[in-house]
Amino acid sequence: MVGRAIGSFGKALGDRRWKAFGAGLEGISKEKVDVVVIGAGVVGLAVAREMALKGRDVLVVESASTFGTGTSSRNSEVIHAGIYYPPNSLKARFCVKGRELLYRYCADRQIPHQQIGKLIVATRVSEVPKLSILLRCGTDNGVKGLRMMEGSEAMRMEPKLHCVKALLSPCSGIVDSHSFMLSLAGEAENARAIFSYNSTVLGGHVEDNHLHLHISESKDLENHDDASPLLPQLVLIPKLVINSAGLSALPLAKRFCGLDHNVIPAAYYARGCYFTLSKTKNPPFSHLIYPIPEDGGLGVHVTLDLNGLIKFGPDVEWIDGVDDISFFNRMKEIMAFLDLLICLA
């Protein structure tokens, strides 16, 4: 329902009904603001904090009821070293520098984290050359302490492991992502940033060289009947907009009428599932364990959280969009079939 409501809004902005739609905004309250950050995930929180500390008046608009409910709380919580990215790329530079800043930030504020190190393993002789490429790439990126080791040495470190060679990354680690985001949000608020939860940016339009953001309460999207375009309850006119809406960032950018949509990159979505190792008192691993990277991801890896819980994942399934729930429908069918078999047994 929410997706259809926003979709009808986007269609109204994108076709000839825009003039009629625009006329409908005349009676809607408009407010000029300094900085609007769209999305209160970890990126939006970090940007809001930094802008507020620099003296800007920041408003964070988040569609959910609190911060960090999207991909920011659905990940491996790993602090990456900077091994995988092409040398001299922005990703490589930001990952290496960001890791250093993140460790320092967490240590200064006593945010739970641990530099436990990572082993990238080659389970077959044919994978060893790829491991050597990663070593060279990470070294070129400025990652310190990388070391190639024989399988026997790696298996002494991790007796449950089986590999022919491994690349040790001692500066990789883990972090409590919720505590980290809570700290960012608190410091942003202390610097007078304002958070507006349950508020959705429907889209917007360019007028007088300013982007006008169309805002509605999130609950109104759920109740919208899709028969007509959804009019916003408020129009914000900021001096600066940061679109950090996560998986919704690109679709949202396409709903800004008057911007050049040709420069918006295509979106490719993949879903990954994690599996938890249960019924074990002592974790079988003390390091992060990663395979050789695969297309679309880093491969199904072993991660630990700060409580010692072991997770395997994520796998990679390419999907058509963020609302693609075909996998879960198939799982429901499989579970129903299994229940039937159990009843018949």
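Residue numbers run from 1 in the order of the sequence given. Given the structure is predicted, the values throughout are model-derived calculations rather than measurements.
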Exercise. With sequence neighbours excluded, what pairs up with Ser216 under the side-chain hydrogen bond (donor to acceptor under 3.5 Å, both in side chains) test?
Worked result: none
Exercise. Do Asp220 and Gln233 have a side chain donor and acceptor closer than 3.5 Å?
Worked result: yes
Seminar exercise, completed: On a heavy-atom basis, the closest approach of Gly313 and Val300 is N-CG1, 3.6 Å
Exercise. Does the side chain of Tyr197 reach to within under 4.5 Å of the side chain of Val61, using non-hydrogen atoms?
Worked result: no
For this session: Using side-chain hydrogen bond (donor to acceptor under 3.5 Å, both in side chains) as the criterion, list what pairs up with Ser172, not counting sequence neighbours.
Result: Ser169
For this session: Output all residues satisfying side chain to side chain contact (heavy atoms under 4.5 Å, CB included) with Val164, sequence neighbours left out; order by chain, then residue number.
Result: Ala122, Val128
Exercise. Is there a side-chain contact between Val42 and Ser177 (heavy atoms, below 4.5 Å)?
Worked result: no
For this session: Scan Leu288, Asp305, Ile79 and name whichever one has a side-chain contact (heavy atoms from CB on, under 4.5 Å) with Ile174.
Result: Leu288
Problem set entry | With Cys137 via side chain to side chain contact (heavy atoms under 4.5 Å, CB included) - residues at least two apart | Pro87, Asn141
Exercise. How would you list all residue pairs meeting salt bridge (Lys or Arg N to Asp or Glu O under 4.0 Å) that involve residues 129-144, not counting sequence neighbours?
Worked result: none
Exercise. Got a sec, which residues hit side-chain hydrogen bond (donor to acceptor under 3.5 Å, both in side chains) with Thr123, two or more places apart in sequence or on another chain?
Worked result: Glu127
Problem set entry | Minimum-distance pair of heavy atoms, taken over all atoms of Ser244 and Gly39 | OG-O, 3.4 Å
Problem set entry | Non-neighbouring partners of Tyr85 that pass ring pair (Phe, Tyr, Trp, His ring centres under 6.0 Å), sequence neighbours left out | none
Exercise. Has Leu306 got more than 12 heavy atoms of other residues, nucleotides or ligands less than 6.0 Å from its CG?
Worked result: yes
Exercise. Should we count CG of Asn88 as having more than 12 external heavy atoms under 6.0 Å?
Worked result: no
Problem set entry | Hphob cluster co-occupancy, Leu45 + Val241, side-chain heavy atoms under 4.5 angstrom | no
Seminar exercise, completed: Which of Tyr103, Phe67, Tyr105 passes ring pair (Phe, Tyr, Trp, His ring centres under 6.0 Å) with Phe180? Answer is Tyr105
Problem set entry | Tyr290 side chain near Thr303 side chain, heavy-atom distance below 4.5 Å | yes
Exercise. Can you tell me if Ser63 and Ser218 form a side-chain donor-acceptor pair at under 3.5 Å?
Worked result: no
Exercise. Which pair of heavy atoms, one from Leu259 and one from Val206, lies closest together, and at what distance?
Worked result: CD2-CG2, 3.7 Å
For this session: Begin from the C-alpha positions of Leu250 and Ile264 and carry the test side-chain contact (heavy atoms from CB on, under 4.5 Å) through to its verdict.
Result: CA-CA 7 Å; Leu250 293 179; Ile264 300 174; 3.7 Å; yes
Seminar exercise, completed: Leu247 meets the side chain to side chain contact (heavy atoms under 4.5 Å, CB included) criterion, sequence neighbours left out, with Thr71, Tyr269, Val322
Seminar exercise, completed: For Ile319 and Gly321 the tightest heavy-atom approach is CD1-O, 3.2 Å
Exercise. Same hydrophobic cluster for Phe195 and Ile242, using side-chain heavy-atom links shorter than 4.5 Å among ILVMFWY?
Worked result: yes
Exercise. Which atom names give the shortest non-hydrogen contact between His113 and Ile111, and what distance separates them?
Worked result: ND1-O, 2.8 Å
Problem set entry | Salt-bridge criterion met for Glu50 and Lys54 (N-O under 4.0 Å) | yes
Problem set entry | Contact list for residues 163-190, test salt bridge (Lys or Arg N to Asp or Glu O under 4.0 Å), sequence neighbours left out | Arg49-Glu187, Arg109-Glu187, Glu150-Lys165
Problem set entry | Same cluster (ILVMFWY, side-chain, under 4.5 Å), Leu184 and Leu59 | no
Exercise. Out of curiosity, does Leu234 fall in the hydrophobic cluster containing Val35 (side-chain heavy atoms, cut-off under 4.5 Å, transitive links)?
Worked result: no
For this session: Can you sort out the partners of Ser76 under side-chain hydrogen bond (donor to acceptor under 3.5 Å, both in side chains), two or more places apart, ordered by chain and number?
Result: Tyr274, His301
Exercise. For Lys30, does the NZ atom sit with more than 12 other heavy atoms under 6.0 Å from it, leaving out its own atoms?
Worked result: yes
Problem set entry | Shortest non-hydrogen separation from Ala81 to Val143 and the atoms involved | O-CG2, 3.5 Å
Exercise. Pairs in or reaching into residues 56-68: which pass salt bridge (Lys or Arg N to Asp or Glu O under 4.0 Å), with residues at least two apart or in two chains?
Worked result: Asp34-Arg56
Exercise. Any side-chain heavy-atom pair from His205 and His214 closer than 4.5 angstrom?
Worked result: yes
For this session: Indicate, with yes or no, if Leu119 and Met148 share a hydrophobic cluster defined by side-chain heavy-atom contacts under 4.5 Å among Ile, Leu, Val, Met, Phe, Trp and Tyr.
Result: yes
Solution key, residues 153-162 side-chain donor-acceptor pairs under 3.5 Å, sequence neighbours excluded:
unit_1: Glu153; atom_1: OE1; unit_2: Arg147; atom_2: NH1; d: 3.4
unit_1: Glu153; atom_1: OE2; unit_2: Arg147; atom_2: NH1; d: 3.0
unit_1: Glu153; atom_1: OE2; unit_2: Arg147; atom_2: NH2; d: 3.0
unit_1: Glu158; atom_1: OE1; unit_2: Ser286; atom_2: N; d: 3.3
unit_1: Glu158; atom_1: OE2; unit_2: Ser286; atom_2: N; d: 2.9
unit_1: Glu158; atom_1: OE2; unit_2: Ser286; atom_2: OG; d: 3.0
unit_1: Glu158; atom_1: OE2; unit_2: His287; atom_2: N; d: 2.8
unit_1: Glu158; atom_1: OE2; unit_2: His287; atom_2: ND1; d: 2.7

Exercise. Is the number of heavy atoms from other residues, nucleotides or ligands under 6.0 Å of Asp260 CG greater than 12?
Worked result: yes
